[in-house]
Structures are given as C-alpha cells and as structure tokens.
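Convention: sequence-line order gives letters A, B, ...; per-chain numbering from 1. These numbers were taken from a predicted model, which means no experiment stands behind them.
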2 protein chains.
Amino acid sequence: MALDKIDRKILTLLQKDATMPVAEIGRKVGLSTTPCWRRIQKMEEDGVIQRRVAVLDPGKVNVGVTVFVSVKTNEHNDAWMRKFAGVVDEFPEVVEFYRMSGDVDYLMRVVVPDIGAYDTFYKRLIGKINLTDVSSAFAMGQIKYTTALPLDFAIISDDDK
Amino acid sequence: MALDKIDRKILTLLQKDATMPVAEIGRKVGLSTTPCWRRIQKMEEDGVIQRRVAVLDPGKVNVGVTVFVSVKTNEHNDAWMRKFAGVVDEFPEVVEFYRMSGDVDYLMRVVVPDIGAYDTFYKRLIGKINLTDVSSAFAMGQIKYTTALPLDFAIISDDDK
DNA sequence: CGATCTGACGCAATAAAATTGCCCGTTGCA
DNA sequence: TGCAACGGGCAATTTTATTGCGTCAGATCG
C-alpha cells in the first residue's frame with residue numbers, strides 16, 4: 001500500500017479534478033496512458049481512492065449555513081453510541097460526525113439553509129434520541145473547505161527515486 | 001438556478017458516484033442520454049456542481065487523526081482575517097476553516113497521522129502567525145463523513161411535477 | 001555468468017462514454 | 001391558427017477508457 005512519488009502526483013491531480021483524462025494525467029506525471037491507468041486502478045482496488053464524487057456549491061443548493069453541534073452525554077457504552085450513529089445517519093443535514101476525546105463527547109457538522117431550519121433540525125434530532133447537553137456554534141463563513149487530503153504523510157515506497 | 005425533481009435526482013446520484021455514465025443516470029431518472037447530459041452541463045456552468053474529485057481513504061494515506069482547533073483572538077479586523085486565511089491556506093493539513101460566531105472566533109479541522117504530527121503542525125502554525133488563545137480537540141473516530149449535501153432545501157422549480 | 005522470472009512500461013487495437021447535430025412534439029402566446 | 005421557445009430523443013462523431021501484446025531492466029537462481 002506504499003505510494004511512490006508518481007502515485008502521489010496522480011492522487012494530487014485526482015483530488016483536484018477527477019475528470020482529467022488518464023492520458024493527460026500520464027503526461028503530467030511522466031507516464032504513458034496504460035501504466036498510469038493501471039496505477040489508478042490499483043489504488044482504487046486498494047481502497048486508497050475510495051470513490052469519485054461531484055462536489056456541489058452549498059450556497060447554490062441552499063445549505064449555506066454550517067453549524068457545529070457539540071454533544072456531551074453520560075451514556076458511554078457502545079450500544080448507545082451505535083444508536084446515536086444510526087439516528088445521525090438518517091439526517092442528511094449532518095455531513096460529519098466525530099467521537100471526541102476531552103470535554104465534548106461528540107461533534108457534528110450540520111448544514112442547513114438558515115437558523116430557522118437549524119432549529120427544525122434540532123427539534124427533530126432530539127425527538128429521535130434523548131440528548132441533554134447539546135450546544136451549537138454557528139459558522140459565519142467558510143474560509144476554506146477541501147476534500148483533498150495532504151499526501152505529505154503517505155507511506156512512501158522505499159525505492160522512490 | 002431552480003432545480004426540478006429530475007435535477008435533484010441527478011445530483012443525488014452524482015454526489016454518490018461521479019463515475020456513473022450519463023446514459024445510466026438518464027435511465028435512472030427517466031431521461032435519455034442527451035437531455036440528461038445537457039442538464040448536467042448546465043448545472044456545471046451554473047456552478048451548482050463545482051467540480052468532481054477523487055475522495056481518498058484518510059487512513060490509507062496516513063492522516064487518520066482529525067483535530068479540531070479553536071482559535072480566539074482580539075484581532076477582529078478584516079486585514080488580520082485575510083492574513084490568517086492566507087497562512088492557513090498554506091497548510092494542506094487544514095482541510096476546513098470557518099469563521100465562527102459566539103465564544104470561539106475561528107474553527108479549523110486538521111488532519112494528521114498522529115498526535116506527534118499534530119504538535120509539529122501546531123508549532124509551525126503559531127510560527128507563522130501570532131495566536132494566543134488556541135485549543136485543540138482530538139477526534140477519537142470518524143463516525144460519519146460525506147461530501148453529499150442534502151438537497152431537500154434546494155430551490156424547487158415551481159413547475160416541478 | 002547466463003537463463004529466467006518478475007514488474008513496469010509503451011504502442012496499438014478495441015470498447016465504452018461523452019459530445020454534437022439535427023429533428024420532433026408540446027406548450028404558451030399573439 | 002401560426003409561431004417560437006423549451007425540452008426531449010435518435011444517430012453520428014469524437015474522446016476516453018480499457019485490453020492485448022511485446023519490450024526492457026533489474027533481481028534471482030543454478
């Protein structure tokens with residue numbers, strides 16, 4: 001699963017624009033189409049590349065507001081966590097959900113059109129599962145958002161010239 | 001920029017899998033290839049679809065740890081904000097960055113291989129810009145992560161049968 | 001040291017998908 | 001009723017993805 005310099009270049013390109021033809025990617029990384037294509041295939045099989053998706057403009061689909069919701073709970077067992085995860089999964093407004101260490105137990109990022117819609121979401125959420133200590137922080141603006149992960153830490157193939 | 005039911009179906013599909021052939025998308029939404037293709041083109045031109053990207057597995061590229069970094073500051077002017085934004089942009093580890101209302105002024109999501117790498121990142125960050133009140137919260141696990149935005153709020157074309 | 005095996009590459013053919021041109025039917029409106 | 005605008009569909013055409021096959025360099029083994 002180690003990635004050499006060429007693999008990382010390919011991934012960098014694909015993380016920016018997955019529509020780029022393999023031939024062009026190959027040209028940019030110094031390979032012909034076939035070996036470049038095979039590397040991409042392999043990275044897909046290996047699961048390094050999980051999938052290719054269309055990224056939409058949040059404003060244009062009317063979910064320009066992001067809210068971070070922190071949850072503290074006393075229920076620290078696995079069963080409860082699964083239930084919570086299941087409930088959250090039902091809400092497409094929740095685009096990210098993390099189990100946290102420290103003060104807060106869970107953190108989720110929710111996208112909605114406006115404060116009113118958030119309130120509606122909030123009521124529906126607490127209707128599905130009993131949450132006592134919840135606090136919401138509103139984002140006034142998104143300064144940076146990328147799906148591209150840094151590749152500087154990827155496991156490097158040793159014979160990586 | 002209003003989207004009808006078919007547009008939303010198309011977007012739902014493309015948010016899940018952008019490799020699906022237009023012909024197949026058309027079949028699923030009840031259209032032939034051409035009109036389906038034209039709708040997609042239009043949504044790309046309109047910027048509803050921003051781009052298509054490859055999504056990688058964080059673990060597989062060795063950035064399995066997410067840290068949420070909260071920043072409070074006294075500098076509430078626009079110039080400082082721009083500088084901060086510029087600095088943050090330089091760090092590929094920062095995948096999301098928000099200006100917040102309330103207690104915290106800024107919130108960023110950072111991805112790194114481990115705690116040690118986070119420490120390194122942190123030092124480099126505060127070396128680039130003077131930040132006094134910073135607090136870090138570590139995610140123990142990612143329970144949900146999707147790039148797919150909910151389309152339930154999208155502006156609906158009135159003649160939407 | 002030479003035979004061989006493996007892995008990665010590239011070219012050229014083939015298959016699949018995107019893109020375009022052109023025609024058709026429906027709807028709204030003068 | 002006649003016309004124009006708005007989709008929609010079929011059938012080319014063009015681009016890309018995918019596969020088959022041959023080559024080459026380095027590692028392995030006897």
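- Remark: C1' of D/dT15 and CD of A/E24 are 13 Å apart, rounded to the nearest angstrom.
- Looking at residues 30-54 of chain A, you'll see A/L31, A/S32, A/T34, A/P35, A/R38, A/R39 sit with a heavy atom under 4.0 Å from some atom of DNA chain C.
- Side-chain contact, B/Y98 with A/R109: a donor N or O sits under 3.5 Å from an acceptor N or O.
- Here B/K123 pairs with B/D119 in a salt bridge; the nearest charged N to carboxylate O distance falls below 4.0 Å.
- One atom, CG of A/D4, and another, P of C/dG7, lie 15 Å apart when rounded to the nearest Å.
- The nearest whole Å value for the distance from the CZ atom in A/R27 to the P atom in C/dG10 is 14 Å.
- Taking the six-membered ring where the residue is Trp, A/Y118 and A/F138 present perpendicular rings, their angle passing 60° and hence far from 30°.
- Atoms CD1 (B/I25) and P (C/dT19) sit 11 Å apart, rounded to a whole Å.
- What separates CG of A/L14 from C1' of D/dA17 is a distance of 14 Å, to the nearest Å.
- Taking NZ from A/K28 and SG from A/C36, the interatomic distance works out to 12.0 Å, rounded to the nearest 0.5 Å.
- Checking side-chain atoms of A/D57 against main-chain N and O of B/Q50 turns up no donor-acceptor pair under 3.5 Å.
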Practice item. Report the C-alpha separation of B/V71 and B/L107 in whole Å, then their side-chain angles, then the decisive distance to 0.1 Å, and conclude whether the side chain to side chain contact (heavy atoms under 4.5 Å, CB included) test is met. Key: CA-CA 6 Å; B/V71 175; B/L107 179 63; over 6 Å; no

